[in-house]
Amino acid sequence: MRVELTEVLWLDEHHEWSLTELAEVSGLSEAELHELVDGNVIVPVDPGATQRTFCSECIVTARTARRLRDDFELDAQGMVLALALLDRIRDLEAQLRNLRAQLPGRIR
Amino acid sequence: MKYKDYYSILGVERSASQAEIKKAYRKLAHKFHPDVSKEPDAEERFKEIAEAYNALKDPEKRAAYDELGRQRPGQDFEPTPDWQQQYGEEQFAFDESDLADLFASLRGRGQCAPRSRGRIPIPGQDYEVTVQIALEDAFTGREVALDLTMPEYDENGVVRRVPHEFKTRIPKGAIDGQRLRVPVKGGKGSNGGRDGDLYLNIVLRPHSLFRINGHDLYLDLPLTPWEAVLGTTVEVRTPSGPVRLKVPPGTQAGQQLRLSRRGLPKPRTGEGHLFAIVQIAVPRVISEQERALFKQLADSSTFNLRGHFQQEARNES
């Protein structure tokens, strides 16, 4: 079997995604994405722009939203609430990781 | 094809109502959903829970499952010709697919849903895999071989499990929890639908010396009391090789000495820092000569750590 080498893409790349592209990649509808934007869990690059574009990190959030929607049968408001809470948990975990990393270990 | 007991996976009786099945699924999903769970085997457990629920939540699929009969989990079996005639597709590769593929292909009682017959483009499924790498790999980048088996429809609309083997390069600067996207390496699309993507979820293995926080690294730096008081130069290991670190006189316990840009590289430019956290340790066993020297130090030192205790006592009296 021929084994090919495939390049990966950073998800935090400066590439901007249109609403349609984000919908296609995430599996959410454009209406659902608008609700996530209104709920402030997905923030467009320029919130004031008429044609909204999104950074690559929004893919991770949108895909998580789609999984939560499918697996827990959530509506848009449920997705917004779950994502906001997950975001808070991630923030707290990052703070905890940061503090733990600075705690001295046991001297052997 | 291996038999799976969907009822026991969901922890319900075979006679459970649809409401009981849904309730059991939700309870397990709360516990094992990979987006919310911290259980070590959450992803694998959730996959089988979702597979069981997807078959049992639909009364028609559930009836089809029940009619397969009860087998021992893991036992090889093939549906009877009657079952295949009633529920199965005309051509289904029973020996090359699994129960999840079979139930995913059933639309309902007596109906088949081979995708090649439809005209609507169906995008391929996206997949996520966790890739564990060592800190050294994050520092230099690393080529990893991925060996995935995905269900695919062949030209006759028959589902088969197809092995895919390919290599990909984890670029340097990947950090714990980061996701990388490998375009069009997920499931094959049907009827002109785009191929799915593959997402790599990076997990950095814990390191024996460094604690990792994003691109920054933390290292414990044990010092003797006299090294902390007088200052010293110590050799410190960093991912890019050893460096000599100057410890200034009067260094305190818990102080962080920063080795600028000696952490993990960032994806495009720059590096994180390495912080050496000072720990001052005293010897548990000392010689007579050392004891005498410490006694001499104690007698002659004017260093008073607890002056504020005495001040507080004077204020109270």
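Here the structure is a predicted model, which is why all the values come from computation and not from measurement. Numbered from 1 within each chain, the chains take letters A, B, ... in sequence-line order. No hydrogens, no waters, no symmetry mates; every other heavy atom, side chains included, goes into these values.
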Whether over 12 other heavy atoms sit under 6.0 Å from B:Lys57 NZ: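 Atom NZ in B:Lys57 is packed in, count exceeds 12.
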More than 12 heavy atoms from other groups under 6.0 Å of CZ on B:Arg261: no
Salt-bridge contact A:Arg67-B:Glu128 (side-chain N to carboxylate O under 4.0 Å):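 Yes, A:Arg67 and B:Glu128 are salt-bridged.
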Expected output: side-chain B:Arg179 to main-chain A:Ile59 donor-acceptor under 3.5 Å: no
Residues 29-43 of chain B: residues contacting chain A (heavy atom under 4.5 Å, by number):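 Within residues 29-43 of chain B, near chain A: B:Ala29, B:His30, B:His33, B:Asp35, B:Val36, B:Lys38.
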Closest contact, heavy atoms only, B:Tyr25 versus A:Asp71: OH-O, 2.5 Å
Enumerate donor-acceptor pairs with a distance under 3.5 Å from any side-chain N or O in residues 98-105 of chain A to protein atoms, sequence neighbours excluded.
unit_1: A:Asn98; atom_1: OD1; unit_2: A:Gln102; atom_2: NE2; d: 2.9
unit_1: A:Asn98; atom_1: OD1; unit_2: B:Asn213; atom_2: ND2; d: 2.8
unit_1: A:Gln102; atom_1: OE1; unit_2: B:Gln256; atom_2: NE2; d: 2.7
unit_1: A:Gln102; atom_1: NE2; unit_2: A:Asn98; atom_2: O; d: 3.4

Identify which part of [X] has an atom lying under 4.5 Å from any heavy atom of chain A, answering side chain, backbone, both or neither.
X	answer
B:Ile49	neither
B:Ala145	neither
B:Tyr53	side chain

Pairwise distance CZ(B:Arg181) to CZ(A:Arg63) - rounded to 0.5 angstrom: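 Those atoms lie 9.5 Å apart.
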